[in-house]
Engineer: 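Would you mind keeping the following structure in view while I ask a few things?
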Amino acid sequence: MNPLKVFNTLTGSKVVFEPLIPGQVRMYVCGVTVYDECHLGHARSALVFETIRRHLEHSGLAVTFVKNFTDVDDKIINRAHELGLPWQEVTKKYIAAYYRDMKRLRIEQATIEPKATEHMPEITGLIQRLLDKSVAYQIGSDVYFQVERYAPYGRLSKRKLEDMQAGARVEVDERKRHPMDFALWKGAKPGEPAWPSPWGDGRPGWHIECSAMSMKHLGETFDIHGGGADLIFPHHENEIAQSCAATGKEFARYWLHNGFVQINQEKMSKSLGNFFTIREIFEKSEWPEEITGEILRYFLLTNHYRSPLDFSDQGLREAKYALDGFYDLFNRLKETAKTEGPGNEKLTAVIEQTHFAFEQAMDDDFNTPAAIAELQGFRSEANKLLETGLSTQAREQARQTFRLLGSVMGLFQLEKWQFNVDLSDIGVKGLTDADIKSKVEKRDEARRRKDFKRADEIRAELAALGIIIEDKTDGTTRWKR
RNA sequence: GGCGCCGUACCCAAGUGGCUAAGGGAGCAGUCUGCAAAACUGCGAUGCAGCGGUUCGAACCCGCUCGGCGCCUCCA
């Protein structure tokens with residue numbers, strides 16, 4: 001078996017992955033702050049880490065996957081003001097939106113999906129530990145982490161405290177002992193969400209919740225911590241500082257970060273206004289939900305997770321075409337063979353080879369583009385073998401291989417595919433399968449009579465309804481829509 | 001100012017020291033077909049932004065230049 005290698009942001013290099021407890025992986029991923037609709041960048045992050053989890057499981061490891069919701073935060077408070085809603089309604093609304101989007105993308109839930117607001121005792125307990133160790137200090141009802149008390153501060157983002165001071169664009173709170181000190185606890189102003197604490201009513205700072213929740217659900221030292229590349233600093237840097245300072249132990253051992261989704265080479269972000277929400281992509285899609293979900297997954301996974309990915313209509317279209325090719329093959333694999341297949345033996349060898357190369361690609365820092373290339377190679381081989389002849393059983397075996405390897409990326413699980421645009425929503429009446437079958441039979445009959453004019457008329461008629469016809473060599477016809 | 005990333009054919013995209021630089025899409029030509037479609041076959045970068053250097057050998061390492069981007073502030 002190949003060793004699994006991952007790119008660890010902490011070391012800045014690809015390293016062999018060895019879980020602390022053999023056979024078990026504990027991973028934590030920073031989820032979303034629930035104050036707005038999720039955009040494609042959130043989808044990418046969720047999909048990437050789901051795929052990582054699936055691959056680990058596919059490799060025989062037992063994975064405990066924790067993904068949090070940040071459900072208390074300044075942005076949520078602001079949003080609640082804007083909408084004139086209680087903040088709890090805002091988080092409720094966007095958690096529901098999140099699950100709706102994840103369902104459309106067929107992204108499975110994590111093992112545990114904790115919320116910050118449900119972990120106040122753990123959060124205040126952790127802050128107290130930091131105060132007890134004198135690495136944090138209190139100013140009024142606020143508590144700050146003192147970065148200078150954690151010597152390795154900056155080891156994840158590879159920067160020095162001195163360098164950051166020089167370029168700090170933030171307005172510095174004069175009461176802080178060091179400009180980079182960050183809030184662990186924020187005293188509440190009237191009307192703000194607040195929980196009791198030894199330092200007064202307030203709410204947690206952004207970073208502490210992830211430390212508290214990951215430690216609670218995974219232990220003080222665990223294997224993988226992930227998130228978007230923009231979380232490296234300050235979020236993850238601060239998580240490391242506060243966690244390691246509190247426990248005196250290593251926190252997460254492997255840090256994995258996904259690259260951004262871009263539009264025209266620029267980061268997709270709220271502030272630039274160049275973002276697409278998952279919701280609007282689905283709503284604007286000309287394909288049914290299942291198909292769109294598959295297209296998006298395929299599109300997102302044809303880039304390596306650490307690289308930036310440029311979103312475009314053309315990219316989606318290409319993903320659709322590529323999937324058309326796969327599902328077209330799957331349809332043909334479903335047809336029964338009349339004869340025994342001379343290609344059966346070869347198929348077994350090709351499957352074995354594909355399996356090996358696929359896993360090798362995934363073991364190399366989750367190289368999904370290379371893994372997909374292997375599947376495309378298999379597709380091409382399967383097409384060739386189909387030409388030489390494959391038994392019904394061998395066809396099913398090939399389909400199962402696509403299903404199995406595809407499952408690592410959540411692809412190829414659909415039983416029905418749509419090749420052509422659905423015209424029913426622009427008023428074109430759809431045909432039932434039986435209608436189509438009868439028309440196809442009429443056409444075949446016309447072809448037998450060599451009445452090609454009539455045959456072509458029927459074909460054109462069906463084409464106008466989005467139905468594609470393919471004549472087989474045995475004189476029968478298959479169709480798809 | 002500090003730190004870091006990227007630049008591979010018309011497009012997307014692997015490869016990061018050693019056989020002919022994966023794979024897909026598009027294009028062109030052909031096989032098959034009544035015609036199509038699908039599938040298959042062939043063609044397609046003597047070169048990996050540019051220039052130097054290290055090396056027996058570099059897309060891959062080093063330096064410089066050009067172009068693009070990110071983080072340092074909330075951000076997946």
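Per chain, numbering begins at 1; letters A, B, ... match sequence-line order. Owing to the predicted nature of the structure, the values given are computational and were not obtained by experimental measurement.
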Engineer: Any N or O donor-acceptor pair linking the side chain of Arg459(A) to the base of rC35(B) at under 3.5 Å?
Structural biologist: yes
Engineer: Using whole Å, report how far OH of Tyr153(A) lies from P of rG2(B).
Structural biologist: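 Computing the Tyr153(A):OH to rG2(B):P distance gives 20 Å.
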Engineer: Which part of the nucleic acid, if any, lies within contact of Gln376(A), taking any heavy atom under 4.0 Å across all strands shown: a base, the sugar-phosphate backbone alone, or nothing?
Structural biologist: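 Counting heavy atoms under 4.0 Å across all strands, the contact made by Gln376(A) is with sugar-phosphate only.
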Engineer: Describe the nucleic acid contact of Arg159(A) in one word from base, sugar-phosphate, nothing, applying a heavy-atom distance below 4.0 Å.
Structural biologist: base
Engineer: Mind checking Gly12(A) for me? I need base, sugar-phosphate or nothing, with any heavy atom below 4.0 Å counting as a touch.
Structural biologist: nothing
Engineer: Once you apply a heavy-atom cut-off of 4.0 Å, does Gly41(A) come out as touching a base, just sugar-phosphate, or nothing?
Structural biologist: base
Engineer: Say you pick atom C1' in rC6(B) and the same atom in rA59(B); how far apart are they, in whole Å?
Structural biologist: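 Looking at atom C1' only, rC6(B) and rA59(B) are 14 Å apart.
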Engineer: Using the P atom as the reference point in each nucleotide, state the distance between rA76(B) and rC71(B) in Å, no decimals.
Structural biologist: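 To the nearest whole Å, 12 Å.
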Engineer: When you compare the side chain of Phe378(A) with that of Ile351(A), does any pair of heavy atoms fall below 4.5 Å?
Structural biologist: yes
Engineer: Just checking Arg443(A): base, sugar-phosphate only, or nothing, at a heavy-atom cut-off of under 4.0 Å?
Structural biologist: base
Engineer: What is the nucleic acid contact for Gln265(A), judged by heavy atoms within less than 4.0 Å: base, sugar-phosphate only, or nothing?
Structural biologist: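 It contacts sugar-phosphate atoms only.
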Engineer: Can you check the distance between rG15(B) and rG52(B), where both ends of the measurement are the C1' atom (answer in whole Å)?
Structural biologist: 25 Å
Engineer: Give one of base, sugar-phosphate or nothing for Leu231(A), where a contact means two heavy atoms less than 4.0 Å apart.
Structural biologist: sugar-phosphate
Engineer: rA14(B), rC40(B), rG25(B): which one has an atom nearest the side-chain heavy atoms of Tyr321(A)?
Structural biologist: rG25(B)
Engineer: Figure out the CZ/P separation between Phe330(A) and rA39(B), and round it to whole Å.
Structural biologist: 13 Å
Engineer: Heavy atoms only, 4.0 Å cut-off, all strands: where does Val261(A) land among base, sugar-phosphate and nothing?
Structural biologist: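 Base, at least one base heavy atom under 4.0 Å.
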Engineer: Would you kindly give the CG-to-P distance between Asp364(A) and rC60(B), to the nearest whole Å?
Structural biologist: 19 Å
Engineer: For rC60(B) versus rG53(B), give the span between their C1' atoms, rounded off to a whole number of Å.
Structural biologist: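 Each nucleotide's C1' atom is 15 Å from the other's.
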Engineer: Check every strand shown and say whether Asn303(A) touches a base, only sugar-phosphate, or nothing at a heavy-atom separation below 4.0 Å.
Structural biologist: sugar-phosphate
Engineer: Can you figure out which of rA14(B), rA76(B), rC69(B) approaches the side chain of Ser307(A) most closely?
Structural biologist: rA14(B)
Engineer: Quantified in whole Å, what is the C1' atom distance between nucleotide rC62(B) and nucleotide rG17(B)?
Structural biologist: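 Result for the C1' pair: 13 Å, nearest Å.
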Engineer: Tell me which of Lys480(A) and Tyr305(A) sits closer to the 5' end of RNA chain B, going by the nucleotide each one is nearest to.
Structural biologist: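 Its nearest nucleotide being more 5', the pick is Tyr305(A).
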Engineer: Of the options rA14(B), rC40(B), rG25(B), whose atoms approach the side-chain atoms of Glu387(A) most closely?
Structural biologist: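 Among rA14(B), rC40(B), rG25(B), the one nearest the side chain of Glu387(A) is rC40(B).
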Engineer: Ignoring hydrogens and angles, tell me if any N or O in the side chain of Asp73(A) forms a donor-acceptor pair with the backbone of Lys75(A) under 3.5 Å.
Structural biologist: yes
Engineer: Ignoring backbone atoms, test whether Asn383(A) places a side-chain nitrogen or oxygen under 4.0 Å from the OP1 or OP2 oxygen of rC40(B).
Structural biologist: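 For Asn383(A), the contact criterion (side-chain N or O under 4.0 Å from OP1 or OP2 of rC40(B)) is met.
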Engineer: Determine the contact category for Ser380(A): base if any of its heavy atoms lies under 4.0 Å from a base atom, sugar-phosphate if only primed atoms, P, OP1 or OP2 are that close, otherwise nothing.
Structural biologist: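 Answer is sugar-phosphate: Ser380(A) comes under 4.0 Å of backbone atoms only.
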Engineer: Students often get this wrong, so: under 4.0 angstrom with heavy atoms, is Arg379(A) touching a base, only sugar-phosphate, or nothing?
Structural biologist: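 Contact class for Arg379(A): sugar-phosphate only.
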Engineer: Of all the nucleotides listed (rA37(B), rC72(B), rC74(B)), which has the minimum atom distance to the side chain of Phe233(A)?
Structural biologist: rC72(B)
Engineer: Could you check which of rC69(B), rA76(B), rU41(B) has an atom nearest any side-chain atom of Lys384(A)?
Structural biologist: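 Within the option list, the nearest is rU41(B).
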Engineer: Any non-hydrogen side-chain atom of His304(A) less than 4.5 Å from a side-chain atom of Thr368(A)?
Structural biologist: no
Engineer: Choose from rG34(B), rA14(B), rC40(B) the nucleotide whose nearest atom is closest to any side-chain atom of Ala455(A).
Structural biologist: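 Between rG34(B), rA14(B), rC40(B), the one nearest the side chain of Ala455(A) would be rG34(B).
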Engineer: Regarding Arg279(A) and Thr277(A), is there a side-chain donor-to-acceptor distance under 3.5 Å anywhere?
Structural biologist: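 Absent: no donor and acceptor within the cut-off.
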Engineer: Hey, is the side chain of Asn367(A) poking within less than 4.0 Å of OP1 or OP2 on rG15(B), counting only N and O atoms?
Structural biologist: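 Affirmative; the distance criterion is met.
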Engineer: Tell me whether the OP1 or OP2 atom of rC71(B) has a side-chain N or O from Lys267(A) closer than 4.0 Å.
Structural biologist: yes
Engineer: With nearest nucleotides of RNA chain B determined for Val32(A) and Gly325(A) from heavy-atom distances, which residue corresponds to the more 5′ nucleotide?
Structural biologist: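 The answer here is Gly325(A).
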Engineer: State whether Lys93(A) and Asp36(A) are salt-bridged, where the test is any N-O pair (Lys NZ or Arg NE/NH1/NH2 against Asp/Glu carboxylate O) under 4.0 Å.
Structural biologist: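 Looking at Asp36(A) together with Lys93(A), the answer is no, because their closest N to O distance does not fall below 4.0 Å.
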Engineer: Among rG25(B), rG70(B), rA38(B), find the nucleotide with the atom closest to the side chain of Glu470(A).
Structural biologist: rA38(B)
Engineer: If I pick the C1' atom on rC40(B) and the same atom on rC51(B), what distance separates them, to the nearest angstrom?
Structural biologist: 45 Å
Engineer: Would you indicate what Arg478(A) reaches in the nucleic acid, counting non-hydrogen atoms under 4.0 angstrom: base, sugar-phosphate, or nothing?
Structural biologist: nothing
Engineer: Ring pair (Phe, Tyr, Trp, His ring centres under 6.0 Å) for Tyr150(A) and Tyr153(A)? Distances and angles first, verdict last.
Structural biologist: CA-CA 6 Å; Tyr150(A) 181 67; Tyr153(A) 190 79; 7.1 Å; no
Engineer: Taking the side chain as every heavy atom from C-beta outward, state whether Asp471(A) and Arg443(A) have any pair of such atoms under 4.5 Å apart.
Structural biologist: yes
Engineer: Taking atom types as modelled and ignoring hydrogens, do the side chains of Glu359(A) and His58(A) form a donor-acceptor contact shorter than 3.5 angstrom?
Structural biologist: yes
Engineer: Could you work out which one of rA76(B), rA14(B), rA38(B) sits closest to the side chain of Arg332(A)?
Structural biologist: rA38(B)
Engineer: Counting side-chain heavy atoms from C-beta on, which of rG70(B), rC12(B), rA37(B) comes nearest to Glu318(A)?
Structural biologist: rC12(B)
Engineer: Stems in RNA chain B: runs of 3 or more consecutive Watson-Crick or G-U pairs, distances under 3.5 Å?
Structural biologist: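 Listed by first number, the stems are B:1-7 with B:66-72, B:10-12 with B:23-25, B:27-31 with B:39-43, B:49-53 with B:61-65.
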Engineer: Mind checking Asp328(A) for me? I need base, sugar-phosphate or nothing, with any heavy atom below 4.0 Å counting as a touch.
Structural biologist: sugar-phosphate
Engineer: Indicate whether the side chain of Thr477(A) and that of Arg447(A) have a donor and an acceptor atom separated by less than 3.5 Å.
Structural biologist: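 Yes.
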Engineer: Between rC35(B) and Asp471(A), counting only base atoms on the nucleotide and side-chain atoms on the residue, is there a donor-acceptor pair under 3.5 Å?
Structural biologist: yes
Engineer: Between Asn78(A) and Tyr35(A), does any side-chain donor sit less than 3.5 Å from a side-chain acceptor?
Structural biologist: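 Short answer, no.
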Engineer: Would you classify Gly227(A) as touching base, sugar-phosphate or nothing, given that sugar-phosphate means primed atoms plus P, OP1 and OP2, and contacts are heavy atoms under 4.0 Å?
Structural biologist: sugar-phosphate
Engineer: On a whole-Å scale, what distance lies between the C1' atoms belonging to rC48(B) and rA9(B)?
Structural biologist: 10 Å
Engineer: With under 30° as parallel and over 60° as perpendicular, where do the rings of His225(A) and Phe251(A) fit, or are they tilted in between?
Structural biologist: tilted
Engineer: Taking the same atom, P, in rG23(B) and in rG4(B), what whole-Å distance lies between them?
Structural biologist: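 So the two P atoms sit 36 Å from each other.
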